[in-house]
**Q** 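If you scroll down you'll find the structure; I have some questions about it.
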Amino acid sequence: MLVKDVMSSPVVTIEEDAPTNKAAELMEKHDLGCVIVTSEKGKPLGIITERDLVERVLAKNVKPDAVKAKEVMTSPLITIEPGETISEAARRMNRLNIRRLGVVYKGQLIGLVSSKDILSVMPELIETIQEHALIEGE
């Protein structure tokens, strides 16, 4: 199974100079755990997660509307190609201790894949592997 089969698309983005509270508003509005931070030209620069907001805004008692997205984001955005396997995506997330990867095709951000996306299809993969083993066993 490939990344493109499980990724979320389109991606909710915010410009690097937008205030941090705008990122929180977008997350709440779209029921998301993160937003992608982009340049004025739409190039993905980083990601703001709920954890980033807690650690870099709330824990430091900073006014969210006084801090720009680029000051709070985790950068650079770690990416993967849509044609990669979800196993490779899971390995990369595990190796880098992250839960989300931007999906980039020909330099354009086309989606986002999370560990939750991968876990949602794991039962299907396990069943497929078991069926394959049974067929080979016969």
Side-chain angles (χ1 to χ4, degrees):
M1 192 168 277
L2 303 178
V3 168
K4 66 182 177 184
D5 299 324
V6 297
M7 72 180 191
S8 302
S9 186
V11 182
V12 176
T13 63
I14 185 170
E15 281 197 13
E16 62 183 322
D17 289 325
T20 305
N21 64 310
K22 177 80 168 144
E25 289 170 10
L26 285 169
M27 287 184 209
E28 193 272 328
K29 178 182 176 185
H30 297 283
D31 193 27
L32 299 170
C34 70
V35 292
I36 302 298
V37 181
T38 60
S39 66
E40 288 180 16
K41 296 179 181 178
K43 181 179 182 278
L45 302 173
I47 186 170
I48 295 178
T49 64
E50 293 165 324
R51 183 179 181 132
D52 293 328
L53 293 175
V54 169
E55 289 180 354
R56 298 178 186 143
V57 180
L58 295 173
K60 294 184 177 173
N61 202 24
V62 178
K63 281 188 76 177
D65 60 352
V67 182
K68 294 183 179 183
K70 66 182 172 188
E71 298 170 55
V72 175
M73 72 181 181
T74 298
S75 181
L77 176 65
I78 309 298
T79 62
I80 194 163
E81 296 275 326
E84 291 282 350
T85 65
I86 61 170
S87 297
E88 175 55 31
R91 274 193 290 276
R92 190 171 300 173
M93 287 179 200
N94 185 49
R95 190 174 64 247
L96 299 170
N97 196 26
I98 58 175
R99 287 184 258 172
R100 298 170 182 93
L101 293 169
V103 182
V104 175
Y105 181 68
K106 294 184 178 178
Q108 294 291 335
L109 182 70
I110 61 165
L112 191 69
V113 65
S114 69
S115 53
K116 189 175 175 183
D117 296 329
I118 293 170
L119 285 172
S120 72
V121 296
M122 288 310 279
E124 293 174 29
L125 288 176
I126 292 168
E127 286 176 20
T128 304
I129 291 167
Q130 288 172 335
E131 288 173 13
H132 187 68
L134 282 173
I135 291 169
E136 283 188 352
E138 293 173 359

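Since the model is a prediction, treat every value here as computed from it, not as a measurement.
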**Q** For Arg92, is the CZ atom crowded, meaning more than 12 foreign heavy atoms sit under 6.0 Å from it?
**A**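 Yes, the 6.0 Å shell around CZ holds more than 12 heavy atoms from other groups.
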**Q** Between Glu55 and Arg51, does any side-chain N to carboxylate O distance fall below 4.0 Å?
**A**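 Salt bridge between Glu55 and Arg51, a charged N being under 4.0 Å from a carboxylate O: yes.
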**Q** Within the supplied structure, the quantity of interest is the number of heavy atoms (other residues, nucleotides, ligands) at a distance under 6.0 Å from Lys22 NZ; does it exceed 12?
**A**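 It does not: Lys22 NZ has 12 such atoms or fewer within range.
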**Q** Can you tell me if Thr79 uses its side chain to pair, donor with acceptor, with the backbone of Gly102 under 3.5 Å?
**A**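 A pair under 3.5 Å: no.
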**Q** Tell me the closest heavy-atom pair linking Glu16 and Leu45, and the distance in Å.
**A**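 Where Glu16 meets Leu45 most closely, the heavy atoms are OE1-CD1, 3.4 Å.
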**Q** For Val35 and Ala23, which heavy atoms make the closest approach, and how far apart are they?
**A**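 Shortest heavy-atom separation between Val35 and Ala23 comes out as CG2-CB, 3.8 Å.
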**Q** Can you get from Ile98 to Ile118 by hopping between Ile, Leu, Val, Met, Phe, Trp and Tyr side chains that sit under 4.5 Å apart?
**A**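 Linked within one cluster.
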**Q** Could you state the interatomic distance from CG (Leu101) to CD1 (Ile86), rounded to the nearest 0.5 Å?
**A**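 Here the interatomic distance stands at 12.0 Å.
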**Q** Say you draw a straight line from NZ of Lys63 to OG1 of Thr20; how long is it, rounded to the nearest 0.5 Å?
**A**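 Lys63 atom NZ to Thr20 atom OG1 measures 12.5 Å (nearest 0.5 Å).
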**Q** Do Val72 and Leu58 belong to the same hydrophobic cluster, where Ile, Leu, Val, Met, Phe, Trp and Tyr are linked whenever their side-chain heavy atoms lie under 4.5 Å apart, directly or via other members?
**A**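 Different clusters.
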**Q** Side-chain contact test, heavy atoms from C-beta onward, threshold under 4.5 Å: evaluate it for Leu109 versus Leu77 and give yes or no.
**A**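 Touching, per the 4.5 Å side-chain cut-off.
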**Q** How close do Ile48 and Met27 get, heavy atom to heavy atom, and via which atoms?
**A**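 Scanning both residues completely, I find the closest heavy atoms to be O-CE, 3.3 Å.
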**Q** Are Val54 and Ile14 linked, directly or through intermediate hydrophobic residues, by side-chain heavy-atom contacts shorter than 4.5 Å (ILVMFWY only)?
**A**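 Per the 4.5 Å side-chain linkage, Ile14 and Val54 are not co-clustered.
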**Q** Taking all heavy atoms of Glu15 and all of Ala69, pick out the closest pair and write down the distance.
**A**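 Distance-wise, the nearest heavy atoms are O-CB, 3.8 Å.
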**Q** Quick one, Leu112 with Val103, criterion side chain to side chain contact (heavy atoms under 4.5 Å, CB included). Give me CA distance, side-chain angles, the key distance, then yes/no.
**A** CA-CA 5 Å; Leu112 191 69; Val103 182; 5.7 Å; no
**Q** For Arg91 and Thr85, which I'm curious about, is there any donor-acceptor pair between the side chains at under 3.5 Å?
**A**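 No - no donor-acceptor pair under 3.5 Å links their side chains.
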**Q** Would you say Val104 and Ile80 are hydrophobically clustered, going by side-chain heavy atoms of ILVMFWY under 4.5 Å?
**A**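 In one cluster: no.
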**Q** If only side-chain N and O atoms count, and only distance matters, is there a donor-acceptor pair under 3.5 Å linking Ser114 with Asp117?
**A**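 Note: Asp117 and Ser114 side chains meet the donor-acceptor criterion.
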**Q** Considering all heavy atoms of both residues, which atom of Thr38 and which atom of Pro44 are nearest to each other, and what is their separation?
**A**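 For Thr38 versus Pro44, the nearest heavy atoms are CG2-CA, 4.2 Å.
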**Q** Shortest non-hydrogen contact from Val113 to Met93?
**A**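 Where Val113 meets Met93 most closely, the heavy atoms are O-CE, 3.5 Å.
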**Q** Does some side-chain heavy atom of Ile110 sit less than 4.5 Å from a side-chain heavy atom of Lys4?
**A**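 SC-SC contact between Lys4 and Ile110 ruled out.
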**Q** With rounding to the nearest 0.5 angstrom, report the CD to CD distance, Glu28 to Glu50.
**A**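 Those atoms lie 11.5 Å apart.
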**Q** Applying a strict under-4.5 Å side-chain criterion to I, L, V, M, F, W and Y, I'd like to know whether Val11 and Leu2 cluster together.
**A**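 Shared cluster, no.
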**Q** Is any side-chain heavy atom of Arg56 closer than 4.5 Å to one of Thr74?
**A**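 Result yes, sub-4.5 Å side-chain heavy-atom pair found.
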**Q** For side chain to side chain contact (heavy atoms under 4.5 Å, CB included), just list the numbers for Leu32 and Leu26, CA-CA rounded to whole Å, side-chain angles, deciding distance to a tenth of an Å, and then say yes or no.
**A** CA-CA 8 Å; Leu32 299 170; Leu26 285 169; over 6 Å; no
